[in-house]
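Just so we're clear, the structure is a prediction, and the values are computed from it rather than from any experiment.
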Amino acid sequence: MSDAPAFTTRWPVPTRWADNDHYGHVNNVAYYSYFDTAVNAWLMSETGMDTRELQAIGVVAETSCRYLRQLSFPDQLEVGIACERLGERSVVYRLAVFTAGDDEPAALGRFAHVYVDAVTRTPVPVPEPVRQAVRRLGS
């Protein structure tokens, strides 16, 4: 059993042919794309809006990944999403990549969004629709 917490929120993300590297497994950089895709697609679904059109946008300030086992195209994946910290101007997500339907993660990650004004790029509070969605995630 891994040290991964239970992830009750999961977002489907398929692997792509181009994700595999020369060694026949998903290249490490693809995991960051899975994180970004899952978090932003989940936010759009959960808030019911296109978050790119908010006056404040989330920019990635930090991300990390710990690889636990190999994945390969054509695996169907799910990214588990949980909230590690909801701050005044940022959200830190805990993430896990699973083969669809599996309970053991293939990777564990962390992803931090800092919210900035869409025009000036100065830090601003997390938009209320995003804040409400993240609160529903739990930790």
Side-chain angles (χ1 to χ4, degrees):
M1 185 71 172
S2 75
D3 60 354
F7 287 89
T8 57
T9 298
R10 291 190 181 193
W11 192 265
V13 177
T15 55
R16 304 165 301 172
W17 175 259
D19 292 346
N20 277 10
D21 63 17
H22 181 74
Y23 303 108
H25 64 262
V26 170
N27 189 275
N28 58 326
V29 299
Y31 290 76
Y32 294 97
S33 175
Y34 302 154
F35 294 161
D36 207 15
T37 297
V39 167
N40 286 294
W42 173 82
L43 276 172
M44 288 180 179
S45 174
E46 194 66 21
T47 63
M49 60 181 53
D50 187 337
T51 55
R52 296 171 296 183
E53 296 175 4
L54 293 171
Q55 290 182 350
I57 57 173
V59 295
V60 177
E62 178 187 342
T63 188
S64 64
C65 185
R66 192 171 99 212
Y67 308 98
L68 304 173
R69 64 179 174 81
Q70 178 174 296
L71 296 171
S72 184
F73 176 84
D75 289 343
Q76 295 297 310
L77 307 177
E78 297 172 334
V79 175
I81 306 169
C83 177
E84 180 178 308
R85 181 182 173 279
L86 175 58
E88 175 65 25
R89 295 183 173 146
S90 64
V91 180
V92 179
Y93 297 94
R94 286 183 301 107
L95 303 165
V97 179
F98 299 90
T99 302
D102 201 348
D103 290 331
E104 288 298 313
L108 296 172
R110 189 170 189 266
F111 188 90
H113 266 159
V114 172
Y115 281 84
V116 297
D117 182 273
V119 176
T120 67
R121 298 300 202 249
T122 57
V124 296
V126 174
E128 195 54 35
V130 172
R131 183 173 294 284
Q132 290 174 13
V134 171
R135 281 187 182 129
R136 290 190 295 272
L137 269 179
S139 52

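Of all heavy-atom pairs between T47 and A133, the closest is CG2-CB, 4.0 Å. Minimum heavy-atom separation, S33 to R16: OG-NH2, 4.4 Å. Here the shortest heavy-atom pairing between C83 and L137 reads N-CD1, 4.1 Å. For the residue pair V124 and R89, the shortest heavy atom distance occurs at O-CG, 3.3 Å.
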Side chains of residues 53-65: which donor-acceptor partners sit under 3.5 Å, not counting sequence neighbours?
{"from": "E62", "atom 1": "OE1", "to": "R110", "atom 2": "NH1", "distance (Å)": "3.1"}
{"from": "E62", "atom 1": "OE2", "to": "R110", "atom 2": "NH1", "distance (Å)": "2.4"}
{"from": "T63", "atom 1": "OG1", "to": "R110", "atom 2": "O", "distance (Å)": "3.2"}

Donor-acceptor pairs under 3.5 angstrom involving side-chain atoms of residues 7-14: please list them, not counting sequence neighbours.
{"from": "R10", "atom 1": "NH1", "to": "E78", "atom 2": "OE1", "distance (Å)": "2.8"}
{"from": "R10", "atom 1": "NH1", "to": "D102", "atom 2": "O", "distance (Å)": "3.0"}
{"from": "R10", "atom 1": "NH2", "to": "D102", "atom 2": "O", "distance (Å)": "3.2"}

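Under the ring-ring contact (aromatic ring centres under 6.0 Å, His included) criterion, no residue pair touches residues 45-65, with sequence neighbours excluded.
Y67 places a side-chain N or O within donor-acceptor distance of the main-chain N or O of N28, the cut-off being under 3.5 Å.
Annotation for W17: hydrophobic cluster partners, listed by chain and number, are F73 (ILVMFWY side-chain heavy atoms under 4.5 Å, direct or chained).
Every ring pair (Phe, Tyr, Trp, His ring centres under 6.0 Å) that F111 has, sequence neighbours left out, goes to H113. In this structure, the side-chain hydrogen bond (donor to acceptor under 3.5 Å, both in side chains) partners of N20, at least two apart in sequence or on a different chain, are S72. With sequence neighbours left out, D36 forms a salt bridge (Lys or Arg N to Asp or Glu O under 4.0 Å) with no residue at all. Partners of R85 by salt bridge (Lys or Arg N to Asp or Glu O under 4.0 Å), not counting sequence neighbours: none found. Take R121 and apply the side-chain hydrogen bond (donor to acceptor under 3.5 Å, both in side chains) test, not counting sequence neighbours, and it matches no residue. In terms of the side-chain hydrogen bond (donor to acceptor under 3.5 Å, both in side chains) criterion, residue partners of D117 (sequence neighbours excluded) are, by chain and number, T120. For D75, there are no salt bridge (Lys or Arg N to Asp or Glu O under 4.0 Å) partners two or more places apart in sequence or in a different chain. Annotation: side-chain contact (heavy atoms from CB on, under 4.5 Å) contacts of E128 (sequence neighbours excluded): R131, Q132, R135.
Under the 4.5 Å side-chain contact rule for hydrophobic residues, V39 and V92 do not share a cluster. With hydrophobic clusters built from ILVMFWY side chains whose heavy atoms lie under 4.5 angstrom apart, L43 shares a cluster with Y32.
Here the CZ-CG distance, from R52 to D50, works out to 4.0 Å after rounding to the nearest 0.5 Å. Here the CD1-CG distance, from I81 to L95, works out to 6.5 Å after rounding to the nearest 0.5 Å. Note that the CG atom of D21 and the NE2 atom of H25 stand 4.0 Å from one another [nearest 0.5 Å]. Here CG of L71 is found 5.5 Å from CG of L77. Values are rounded to the nearest 0.5 Å. Once rounded to the nearest 0.5 Å, the distance linking CG of L68 with CG of L108 reads 5.0 Å.
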- request: Show your working on side chain to side chain contact (heavy atoms under 4.5 Å, CB included) between Y93 and V79 and close with a plain yes or no.
  value: CA-CA 11 Å; Y93 297 94; V79 175; over 6 Å; no
